[in-house]
Amino acid sequence: MAKQYWLLKSEPSSYSIDDLKRDGKTEWTGVRNYQARNTMRDSMSKGDLAFYYHSGEETAIVGICEITTEAIPDKTAWDAKGHYFDAKSSPMNPIWFCREVKFKQKLKTPLTLADLRNIKGLEKMVLLQKGSRLSVQPVSEKEWEVIMGMAK
DNA sequence: GCCAACGTTGGC
DNA sequence: GCCAACGTTGGC
């Protein structure tokens, strides 16, 4: 199957691209939205690439990471003291899933939301749609290439 | 801080 | 199954 592309959102204050660079890899846990869950569980493939997007104060694509595993249960759902606890999920019957992602690179210059809105060819991008707040979302191959072209 | 958009919950 | 109320996300 052809390589697919994604975009992962994160608040830099909770986990930034620099944190990922430092760690090398991380489990992309804490997603508690069914659509985003389904994307991670069912649609992604090992080896796919994803833009790393900072939401909040920065609002920009800041880097690239790679999906390095199949879907794995999100263990943070089982931690009763944690922020992402969900009593309905259990090791026997997991509800939430994640993937491990590996740091690939930082963009030399972040591409801000405002930049992206001005680039031809990205009009359909999920990120740029009104009211879009999915934290895991697809990026088309064409969109990926347009953005990579701009990031040089 | 404000508010639009969206998702979830729960009463009926 | 509908829908109002509520909570959250996230841009501005």
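All values derive from a computational prediction rather than experimental measurement. These values consider heavy atoms only, across backbone and side chains, with no hydrogens, waters or symmetry-generated copies.
- When atom types are taken as modelled, the side chain of His83(A) and the backbone of Gly30(A) share no donor-acceptor pair closer than 3.5 angstrom.
- Here the side chain of Ser14(A) pairs a donor or acceptor atom with the backbone of Glu11(A) at under 3.5 angstrom.
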Show me, pair by pair, the donor-acceptor contacts under 3.5 angstrom made by side chains of residues 119-127 of chain A, not counting sequence neighbours?
unit_1, atom_1, unit_2, atom_2, d
Glu123(A), OE1, Gly121(A), N, 3.0
Glu123(A), OE2, Gly121(A), N, 3.3

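- For Asn33(A), the side-chain contact (heavy atoms from CB on, under 4.5 Å) partners are Gln35(A), Ala36(A), Leu134(A), not counting sequence neighbours.
- Residues Ile95(A) and Lys88(A) share a closest heavy-atom pair of CD1-O, 3.3 Å.
- For residues 22-32 of chain A, the pairs satisfying side-chain hydrogen bond (donor to acceptor under 3.5 Å, both in side chains) are Tyr15(A)-Asp23(A), Asp19(A)-Arg22(A), Arg32(A)-Asp74(A), Arg32(A)-Thr76(A), with sequence neighbours left out.
- In this model, the phosphate group of dA5(B) is approached by a side-chain N or O of Lys130(A) to a distance below 4.0 Å at OP1 or OP2.
- Within residues 91-99 of chain A, no residue is approached by DNA chain C to less than 4.0 Å at the level of any non-hydrogen atom.
- Proximity of the aromatic rings of Tyr52(A) and Trp6(A) is defined here by a centroid distance below 6.0 angstrom, and this criterion is not met.
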Discussion item. So if I define the base as every atom that isn't primed, P, OP1 or OP2, how would nucleotides 7-12 of chain C read as a B/S/- string at a heavy-atom cutoff under 4.0 Å?
Written reply: BBBSSS
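- With sequence neighbours excluded, the residues that form a side-chain contact (heavy atoms from CB on, under 4.5 Å) with Glu66(A) are Leu49(A), Thr68(A), Lys102(A), Lys104(A).
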